[in-house]
Structure formats: structure tokens, C-alpha cells
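Only this structure's heavy atoms are used, side chains among them; waters, hydrogens and symmetry mates stay out.
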Amino acid sequence: MALLTRAPKTAPAAAPPQAPAPPRASPHLVLVAALLSFFVISLDGSVVNVALPAISHSLRGGMADLQWIVDGYTLMFAALMLSAGTLSDRIGAARAYALGLAGFTLASAACGLAPELGTLIVSRMVQGGAAALMVPASLALIRQTYSDPGKRARAIAIWTAAGSVAVAVGPVAGGLLTSGLSWRAIFFVNLPIGAVGLALLSRLPRSPRRQVPLDLLGQLSVVIALTALTYAVIEGGRDGFATPGVLLTLAVAAVSMTVFLVTQSRRSAPMVPLSLFTSRTVLVCLSAGFALNAVFYGAIFMLGMYFQQARGVSAVGAGAMFIPMCALISVVNMAGVRLAARTGARLPMTLGQLIMGAGALLMLTVNAGTSLLVPVLLLIPIGLGGGLAVPSLTAALLESVPAERAGTAAAVLNTSRQVGSCLAVATFGALIADRSAFQSGMTTSFLICGGMMLTTTVATALLLPRRTAR
């Protein structure tokens with residue numbers, strides 16, 4: 001009871017000092033850290049194409065090896081994007097972003113130091129996996145930092161613009177670095193960017209975590225399905241699609257995709273709710289996103305090889321050929337956003353795909369004797385069409401789904417677009433692999449591009465409502 005007796009009056013004891021509240025991160029600091037990730041991810045999606053002939057000469061690789069250098073990155077980026085947002089929520093956006101950026105930077109160093117093609121391809125796949133983790137984490141950091149919707153929208157617009165600038169800079173930077181230094185420099189340039197990003201992250205507070213389920217079986221099955229399908233297309237183009245190895249791989253892809261669909265239909269909290277695909281708007285946007293990326297990155301891949309192998313242009317010269325197209329993308333992006341705000345997404349989406357399809361079909365006139373100015377000018381409508389359509393289709397998709405599924409829908413759209421890039425490089429690379437049949441392969445490839453664009457243009461015009469609504 002002695003503990004309950006009244007103590008004599010004395011001066012009140014000083015309250016123990018409390019630790020100061022952690023300082024709130026500067027919104028500008030968060031934005032710079034976030035856009036660095038999207039810049040370097042987008043840069044690596046386009047910077048490699050111009051360097052492929054130099055890599056082939058240095059490491060003695062064939063067309064299938066070059067396809068894997070591009071597709072290894074895109075494949076893992078696409079496949080792991082579906083669950084990267086969930087992982088970011090579980091461990092916190094800041095930590096996920098730091099892990100992704102550190103992994104990306106280390107993988108870039110491994111790419112630059114690669115002594116042979118196997119190491120380079122595996123390192124590119126690690127790069128793609130790290131990139132998949134960085135994208136949703138960087139967007140989550142922006143969302144957590146900017147509570148005002150208007151400021152958040154402007155921050156996301158700046159973040160998106162960083163990607164557009166990187167796509168524009170990529171071919172030129174790839175040509176300059178490859179010609180001036182070495183193809184290895186296109187990977188080493190990521191190291192200082194990664195170091196700056198990690199230094200900025202060290203000044204950010206930790207992000208909250210959420211207990212959300214991870215669908216490991218669904219993620220594994222979709223990775224196997226996409227990898228097997230890409231392997232079958234690349235190797236089938238080299239060895240023939242009737243070979244036992246290719247047929248077996250196609251069967252593995254079909255079984256794995258079936259497992260994925262079954263697991264998603266039976267889980268209470270699926271990674272990809274299949275009900276998402278009952279929306280006509282969602283299906284149109286996913287198809288258009290697939291086709292737009294296939295045509296854009298397929299054209300960059302093919303023409304990068306055409307300029308250097310068929311026309312003897314240097315790497316820096318080949319990179320310069322893409323400047324007119326890429327320089328206009330950011331400007332057209334903003335014009336597409338303003339047009340969609342006035343008319344809805346259907347008009348800029350339809351117009352953009354129509355322009356891109358026309359550019360692809362006009363490429364049928366290009367051959368070994370065509371003036372180099374012709375393909376340079378014909379690349380412009382391909383870039384303009386994509387720049388006009390992509391922001392609108394993204395907005396249309398997000399407006400057509402409930403708010404709680406916006407993140408999942410965005411991940412599915414990004415996956416669809418990256419799969420389009422991946423399969424285009426695999427298919428078109430197979431068609432132009434034989435240098436004696438390069439011209440006919442390129443012609444067939446651009447016919448495929450034009451056909452895809454025509455199909456998705458008609459689907460957009462007929463099936464997409466004037467104004468999308470939830």
C-alpha cells in the first residue's frame with residue numbers, strides 16, 4: 001500500500017523528452033525519386049535496340065540471341081507486373097522501390113560486365129523483374145505524398161512525361177554511347193542514376209504496410225506461360241514450329257495459362273479478377289494497348305536492324321533516325337489528353353490507331369534502295385499515333401472500373417502492352433532473321449502491324465462508348 005500514499009509536494013518532475021516526429025518528406029523530393037525510376041525503366045526499353053548489332057558482333061550472337069536480349073527484359077517486366085503492386089503494399093512502397101532500384105542497378109552493372117550472351121540475357125531478365133517492382137512502388141509513393149487530387153494528377157503527369165522523354169532519348173543515347181564508347185556503356189549509364197535514386201530514398205520516411213495476400217501459384221503460372229510462349233515464337237522462327245521442342249513449349253504455355261485461369265476463378269482474392277474481362281471497354285483498351293506497343297516497339301526493333309545491317313548506317317546514325325518521331329511523342333501525349341477531356345477517349349484512340357496503322361502500311365514502300373529520309377518520315381505517324389492514343393486508352397480503362405480495382409486494371413494494361421512488345425520482337429525478329437530474306441520479312445511484319453491496327457481501330461470505333469463511365 002505504500003505505493004499509494006501521497007507524496008510530499010515538490011516541483012513537478014519534467015516530462016521525459018519525446019522523440020521528435022519524423023520530418024515529412026518534401027513532395028518535390030518524392031517526385032524526383034519516383035520519376036527517376038520511370039525514366040530509367042523506359043530508357044532501358046528503347047536504348048538497347050540500336051546497340052544490338054554491336055552486341056552481336058562483340059559476343060558472337062545470332063538473331064535469336066538478340067531477340068532474347070530485348071525480350072528477356074520485357075518478358076519479366078510484363079509477367080511480374082501483376083503481383084508487384086501487391087508486394088509493394090505488403091513491404092511498404094518505399095522499401096519496395098529501394099529493393100527494385102538496387103536490383104535494377106546491380107543487374108545493369110552485370111549487363112555491362114557480361115562476358116557472354118547467357119549472362120547478359122539473365123541479367124536483362126533480372127532488370128525486368130526489378131523494373132516491375134519499381135513502377136507500382138513509385139506511383140504509390142506519389143499517391144501517399146500528394147493528398148490533393150489536383151497536385152497528385154500533375155505529379156503523375158510529370159512522372160508519365162519522364163517516361164516519354166526516356167523513350168525519345170533512348171535510341172539517340174544508345175547510338176551515341178555505342179559509337180563513342182561501347183555497347184556496354186548503355187548499361188553503365190544506369191549506375192549513377194541508380195545511385196542518385198537510392199540517395200534520395202534514404203531521406204524518405206518508411207511507407208505503411210498492408211496485409212494483402214500474395215498469389216504465388218498464379219504468379220508462377222503466368223511467368224511460365226509467357227516465358228514458354230516467347231521461347232516458342234523465337235525458337236520456332238529459327239528451327240521451325242513443327243520441331244518437338246517448340247511443340248512441347250507451346251503445350252507448356254497452354255497448360256500454364258489454363259492453371260492461371262483456374263486459380264484466378266477459384267480464389268477469393270485473385271491476383272487478376274476474371275470479372276474484369278466482362279467489360280467491353282476493358283477488352284477494347286487491352287487489345288489496343290497490345291497492338292500499339294507491338295507496332296511501336298516492333299518498328300523500332302526492325303528499323304534499328306534495317307538502318308545498320310541493310311543500309312550500313314553507324315549506330316549513332318541509326319539512333320539519329322528516330323529523333324523526329326520520338327521528339328514529338330511528349331507533345332502529342334498532352335494534345336491527346338486535352339482532346340480526350342473534350343470529346344472522350346474514343347476519338348483520340350481511334351484517330352491515333354488509324355494514324356499509326358497508316359504509317360505501318362506506308363512502310364511497305366521501304367526497301368534497300370529507298371532514300372533513308374523515307375523511313376525516317378514514315379516513323380513520324382507511328383510515333384504520333386501512339387502518343388495520341390495511349391494516354392486516352394489508359395484513362396478510358398481506369399474510368400471503366402471501380403476505384404478499388406484501378407491498380408489491378410492498370411497492372412493488367414501494362415502487362416498487355418509489354419506482352420505486345422515482347423511478342424512483336426519475337427515474331428518480327430524471326431521473320432527477318434535470314435538476312436537474304438530481310439526485305440520480305442520486313443514487309444510481312446509491317447503487313448501484320450497494319451492488320452492489327454486496322455482491327456483495333458474498328459473495334460475502338462464500334463465498341464468503345466463515347467464517354468466511359470463506371
Q: Apply side-chain contact (heavy atoms from CB on, under 4.5 Å) to the pair V135 and F77, showing each step before the final yes or no.
A: CA-CA 10 Å; V135 169; F77 189 20; 3.8 Å; yes

Q: Does A254 offer a backbone N or O that forms a donor-acceptor pair with the side chain of T258 under 3.5 Å?
A: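 Yes: the side chain of T258 pairs with the backbone of A254.
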
Q: Between R417 and V412, is there a donor-acceptor pair closer than 3.5 Å when you use the side chain of the first and the backbone of the second?
A: no

Q: Once you round to the nearest 0.5 Å, how far does CE of M302 lie from CG of N49?
A: 11.0 Å

Q: Is there a side-chain contact between L454 and L361, using heavy atoms and a 4.5 Å cut-off?
A: no

Q: Does any N or O in the side chain of T119 come within less than 3.5 Å of the main-chain N or O of P115, such that one atom is a donor and the other an acceptor?
A: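 It does not hold such a pair.
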
Q: Run Q127 and S108 through side-chain contact (heavy atoms from CB on, under 4.5 Å) and show every step you take.
A: CA-CA 7 Å; Q127 267 191 318; S108 297; 2.9 Å; yes

Q: Scan side-chain atoms only and decide if T230 and D71 contain a donor-acceptor pair under the 3.5 Å cut-off.
A: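 Checked: T230/D71 side chains show no N/O donor-acceptor pair below 3.5 Å.
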
Q: Output the distance between atom CG (L276) and atom CG (L286), rounded to the nearest 0.5 Å.
A: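 If we round to the nearest 0.5 Å, L276:CG and L286:CG are 7.0 Å apart.
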
Q: Please check if the side chain of S440 supplies one atom and the backbone of A437 the other of a donor-acceptor pair under 3.5 Å.
A: yes

Q: Is the ring pair Y231/W68 parallel, tilted or perpendicular, if the boundaries are 30 and 60 degrees?
A: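 Aromatic pair Y231/W68 classed tilted.
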
Q: What's the verdict on side-chain contact (heavy atoms from CB on, under 4.5 Å) for F104 and M134, showing C-alpha distance, side-chain angles and the deciding distance?
A: CA-CA 9 Å; F104 188 92; M134 290 160 65; 3.9 Å; yes

Q: How many angstroms lie between atom CG of L120 and atom CZ of F187, to the nearest 0.5 angstrom?
A: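 Reported to 0.5 Å precision, the distance equals 5.0 Å.
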
Q: For A291 and T456, work out which heavy atoms get closest and say how close.
A: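 For A291 versus T456, the nearest heavy atoms are CB-CG2, 3.8 Å.
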
Q: Under 3.5 Å, side chain of T178 to main-chain N/O of G174, donor-acceptor pair present?
A: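 Here the side-chain-to-backbone pair exists.
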
Q: Minimum heavy-atom separation for C285 and A396, please, with both atom names.
A: SG-CB, 3.9 Å

Q: How long is the span from the CG atom in L59 to the CG atom in L117, to the nearest 0.5 Å?
A: 4.5 Å

Q: Begin with the C-alpha distance, continue with both residues' side-chain angles, and end with the deciding distance and a verdict on salt bridge (charged side-chain N to carboxylate O under 4.0 Å, His left out) for R60 and D65.
A: CA-CA 9 Å; R60 303 177 187 278; D65 300 308; over 6 Å; no

Q: Can you name the closest pair of heavy atoms from V189 and I186 and give their distance?
A: CG1-O, 3.3 Å

Q: Counting N and O atoms only, with roles assigned by atom type, does the side chain of S265 sit under 3.5 Å from a partner on the main chain of V262, one being a donor and the other an acceptor?
A: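 Yes, S265 side chain to V262 backbone: donor-acceptor pair under 3.5 Å.
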
Q: Judged by modelled atom types alone, do Q418 and T415 share a side-chain donor-acceptor pair under 3.5 Å?
A: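 Not at all, the side chains of Q418 and T415 share no donor-acceptor pair under 3.5 Å.
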
Q: Could you tell me if the side chain of M452 sits less than 4.5 Å from the side chain of F290, heavy atoms only?
A: yes

Q: Which is it for L413 and L393 under the side-chain contact (heavy atoms from CB on, under 4.5 Å) test, yes or no, and what are the steps along the way?
A: CA-CA 9 Å; L413 174 60; L393 77 87; 3.6 Å; yes

Q: In the structure I gave you, are the side-chain heavy atoms of L133 and L99 within less than 4.5 Å of one another anywhere?
A: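 Yes - at least one pair of side-chain heavy atoms lies under 4.5 Å apart.
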
Q: Do V272 and F277 have side chains that approach each other closer than 4.5 Å (heavy atoms only, starting at C-beta)?
A: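 Answer yes - side chains close enough.
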
Q: Any sub-3.5 Å donor-acceptor pair from T427's side-chain atoms to A424's backbone N or O?
A: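 Absent.
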
Q: Please identify which of these residues, V50, L303, V313, meets the side chain to side chain contact (heavy atoms under 4.5 Å, CB included) condition with M321.
A: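 So, applying the side chain to side chain contact (heavy atoms under 4.5 Å, CB included) to M321 and each of V50, L303, V313, only V313 qualifies.
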
Q: Would you confirm whether S221, through its side chain, and V259, through its main-chain N or O, come within 3.5 Å as a donor-acceptor pair?
A: no

Q: Under 4.5 Å between any side-chain heavy atoms of Q264 and P273, yes or no?
A: no

Q: If only atom types and distance count, is the side chain of Y306 paired as donor or acceptor with the main-chain N or O of N367 below 3.5 Å?
A: yes

Q: If only atom types and distance count, is the side chain of S182 paired as donor or acceptor with the main-chain N or O of A185 below 3.5 Å?
A: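 Between the backbone of A185 and the side chain of S182 there is no qualifying donor-acceptor contact (under 3.5 Å).
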
Q: What closest approach, in Å, do F307 and P375 show between heavy atoms, and which atom pair accounts for it?
A: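 F307 and P375 have their closest heavy atoms at CE2-CG, 3.9 Å.
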
Q: Drop me the distance from I432's CD1 to Q67's CD, to the nearest 0.5 angstrom.
A: 8.0 Å

Q: Taking the side chain as every heavy atom from C-beta outward, state whether L292 and V390 have any atom pair closer than 4.5 Å.
A: yes

Q: P324 versus V376: any side-chain heavy-atom pair under 4.5 Å?
A: yes

Q: Do L52 and W183 have side-chain heavy atoms sitting under 4.5 Å apart?
A: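 Not touching, per the 4.5 Å side-chain cut-off.
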
Q: So which heavy atom on V366 is nearest to which on Q439, and how close?
A: O-NE2, 2.9 Å

Q: Rounded to the nearest 0.5 Å, how far apart are OG1 of T443 and CZ of F438?
A: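 Taking OG1 in T443 and CZ in F438, the distance rounds to 10.0 Å.
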
Q: Where do G129 and L80 come nearest, in terms of heavy atoms and distance?
A: CA-CD1, 3.6 Å

